[in-house]
Amino acid sequence: MTSNYGAEQIQVLEGLDPVRKRPGMYIGTTGPRGLHHLVYEVVDNAIDEALAGYCDHIEVEINADGSVTVTDNGRGIPTDIHPTTGKSALETVLTVLHAGGKFGGDSGYKVSGGLHGVGVSVVNALSEWVEVTVWRDKKVHTQRFERGVPIGELQSKPDHETRTGTRVSFLPDTQIFTGGIEFDYSTLSGRLRELAYLNAGVKMTFTDHRPDEPHEEVYFYEGGIRQYVEYMCREKEALHKDIIYVSGERNGIQIEVALQWCIDAYSDNLLGFANNIRTIDGGTHLEGLKAVLTRTFNNLARKRNKIKENEPNLSGENIREGLTGVISVKVPEPEFEGQTKTKLGNTEVRGLVDSMVGEKLNEFLEFNLPIGDSILEKAIQAFKAAEAARRARDLVRRKSVLESSPLPGKLADCSSRDPRESEIYLVEGDSAGGSAKQGRDRKFQAILPLRGKILNIEKTDDAKIYKNNEVQSLITALGLGIKGEEFDPSQLRYHRIVIMTDADVDGSHIRTLLLTFFYRYQRELVDQGYIYIACPPLYKLERGKNHYYCYSERELQQKIAEFPANANYTIQRFKGLGEMMPEQLWDTTMNPETRTMKRVEIEDAAKAEELFTILMGDRVAPRREFIETHGARMNLTDLDI
Ligand code: 0RA
């Protein structure tokens with residue numbers, strides 16, 4: 001082992017005051033997302049220890065008091081005294097901004113970056129208290145901090161064991177996180193599972209001690225992203241048995257790719273990660289991968305005489321049809337771009353991915369001719385289907401030009417012609433549509449009732465989608481064109497597109513489906529923030545002449561708890577929007593003065609798309625299981641990550 005960390009390597013930077021003054025600068029928001037970033041920050045440090053080869057178990061616990069504990073079996077934060085600060089390295093790491101990152105050296109791979117990677121000191125600054133325990137040098141070292149300030153010195157006691165590692169417990173500060181400090185189980189479990197997939201061999205244990213019976217889950221994947229792809233394809237029928245996997249390192253950049261084509265899938269689902277961060281907006285790693293796939297399979301197709309000399313190449317989309325894949329790169333100095341910093345910008349990565357994957361994929365295909373052939377067969381089918389779809393679209397376009405696309409009959413339009421003030425509510429069924437039509441302000445609110453399940457997009461192709469009546473009404477009502485053509489925001493007839501469905505499983509199903517449609521076919525609408533989710537109440541609580549609308553079971557229980565012990569009250573549960581009086585719907589859900597709406601972000605839609613594949617899969621059994629176990633959770637709060 002060459003690493004020799006001395007405290008002197010820490011450079012003295014700034015204290016923590018700026019973090020408490022402007023938390024948003026460090027963690028993005030002080031809402032739920034920022035709150036959860038605190039956990040990710042500590043976990044990232046432990047992951048870095050794992051990537052450096054010193055840690056293989058990370059335990060995350062939500063404690064009964066709402067605090068979080070992260071324990072790893074790494075080397076432990078150094079505890080020796082820093083020559084210039086005169087304080088321990090541990091205290092320095094916890095109280096000095098960016099100090100943790102200054103332990104670069106030869107300790108291995110420092111991967112945190114981009115979204116997080118701000119340092120544990122930020123967690124310390126934004127916590128009511130932090131307690132750190134380090135096992136190192138046969139001693140147990142502990143220190144406590146409150147709002148970033150050390151409470152007493154570092155305490156060191158002899159340890160009878162020789163274990164090493166770090167434990168960080170913290171309670172987020174309610175003075176900072178004014179919206180509350182409640183951690184969401186599924187948000188954390190989702191991320192920890194993802195990290196376990198991305199870092200093969202690292203065991204993640206997640207325990208929630210808040211319920212009476214603690215709930216524990218273990219995520220441990222020796223196959224890493226191969227198993228991730230396997231998991232994503234679990235309800236689909238594979239085109240080839242073994243997942244295609246290539247990995248390697250070029251110019252200090254680690255590249256890993258896992259690919260699986262499925263027979264019964266028609267879109268492509270490629271997830272990109274850079275330094276363990278999901279790059280929703282893509283970037284150079286995905287560009288490199290797409291380019292090499294297109295080139296490799298076109299070359300193969302010509303070599304195998306599947307396309308003739310005078311025939312055109314297959315498009316990238318043809319080749320990726322039915323493909324599920326993960327690319328994970330680890331870049332020493334990542335550049336993240338875009339508004340949400342979720343696009344990898346390092347230009348060198350494109351070529352490195354292209355050449356590394358190209359070499360290894362060609363080698364793989366040489367030894368696995370039948371796999372290559374069946375992928376090509378599928379791509380050629382996709383090519384033919386796309387041709388048919390193009391003809392179908394031409395037909396639609398010609399028709400709509402001739403008829404100047406009349407608005408759908410069941411659209412109750414608003415009177416305003418100014419898209420900036422106009423809203424359209426997409427509601428499920430005629431009964432809810434009726435309430436909404438009567439309840440709305442017709443000046444700026446339009447209603448479009450959609451019948452039942454609009455259609456099964458996963459199982460069909462573009463041509464069928466555009467022929468579907470409900471989709472056609474949706475597209476014409478919104479004033480939109482066709483996928484693949486330039487999105488022209490000036491054509492959009494409403495700047496708020498509000499999905500308003502019942503708060504039950506069917507409602508969430510339809511919401512998922514609509515979000516998937518927008519995500520796949522009109523992504524600009526999501527990107528530009530035009531899509532919203534209405535939040536109708538679930539209950540009406542009446543007591544005497546007062547009434548309250550409650551938007552969750554918890555809110556209802558909280559309200560009831562405020563009543564005196566023997567209070568008389570009645571609860572009305574709204575089973576669907578159709579059950580609400582039009583004016584109730586207006587007051588609670590549609591009136592801009594009083595309503596709550598959630599703007600859909602790209603991650604929400606991406607999540608919906610993932611769920612959609614499960615919900616719409618051909619096999620009924622896993623789908624039922626999914627709805628039974630997750631139906632209750634797939635509520636509106638899930639969209640508020
Ligand atoms: C600085 C230097 C070393 C390890 C760490 C920090 C470290 C930080 C955290 C935070 C959570 N878990 C952690 N584990 C380690 C290297 C120590 C050495 O060279 O022995």
Side-chain angles (χ1 to χ4, degrees), residues 1-13 16 37-61 67-85 87-113 116-127 130-145 148 150 154 156 159 162-170 191-192 195-196 199 202-206 275-276 332:
M1 194 175 82
T2 53
S3 95
N4 180 15
Y5 263 104
E8 68 281 355
Q9 281 174 267
I10 303 174
Q11 286 172 22
V12 177
L13 295 161
L16 298 178
H37 268 170
L38 300 185
V39 181
Y40 305 153
E41 185 54 47
V42 183
V43 172
D44 279 353
N45 279 278
I47 293 275
D48 280 340
E49 271 299 277
L51 291 172
Y54 300 101
C55 160
D56 62 6
H57 188 195
I58 302 171
E59 242 181 300
V60 179
E61 294 162 278
S67 64
V68 163
T69 298
V70 179
T71 311
D72 66 63
N73 63 351
R75 287 166 294 183
I77 305 176
T79 52
D80 47 344
I81 299 295
H82 186 283
T84 53
T85 59
K87 290 176 176 141
S88 71
L90 186 150
E91 186 175 324
T92 310
V93 166
L94 268 288
T95 56
V96 176
L97 213 44
H98 304 302
K102 293 295 151 195
F103 287 89
D106 53 4
S107 73
Y109 224 81
K110 186 95 193 130
V111 129
S112 330
H116 338 119
V118 284
V120 234
S121 58
V122 168
V123 178
N124 193 23
L126 303 179
S127 293
V130 168
E131 278 175 10
V132 184
T133 305
V134 167
W135 295 271
R136 212 182 144 100
D137 310 320
K138 285 199 189 163
K139 291 197 192 92
V140 195
H141 312 266
T142 52
Q143 193 167 18
R144 181 179 164 96
F145 303 83
L154 179 68
S156 303
D159 193 5
T162 51
R163 75 183 275 193
T164 63
T166 305
R167 168 173 292 165
V168 178
S169 299
F170 64 95
R191 174 63 180 156
L192 295 174
L195 282 170
N199 300 281
V202 179
K203 181 160 129 188
M204 313 277 296
T205 312
F206 181 40
N275 294 9
N276 289 331

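Every number for a ligand or one of its atoms is a count from 1 in the order of the listing.
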**Report entry** Polar side-chain atom of Glu41 near backbone of Gly119 as donor-acceptor pair, under 3.5 Å
**Finding:** yes
Is it true that a side-chain atom of Thr164 and a backbone atom of Gly74 form a donor plus acceptor pair closer than 3.5 Å?
yes
Restricting to heavy atoms, the pick from Val132, Asp72, Ile77, Asp80 nearest atom 9 (C) of ligand 1 would be Ile77
**Prompt:** Judged by non-hydrogen atoms, does Gly74 sit under 4.0 Å from ligand 1?
**Reply:** no
Practice problem: Give a yes or no on whether the backbone of Ile77 and the side-chain of Thr166 come within a donor-acceptor separation of less than 3.5 Å. | Solution: yes
Under 4.0 Å from one or more heavy atoms of Glu49, ligand 1 contributes atoms 4 (C), 14 (N), 15 (C)
Quick note on ligand 1: atoms under 4.0 Å from a heavy atom of Arg136 include exactly 17 (C), 18 (C), 20 (O)
- Is there a side-chain contact between His57 and Thr205 (heavy atoms, below 4.5 Å)? yes
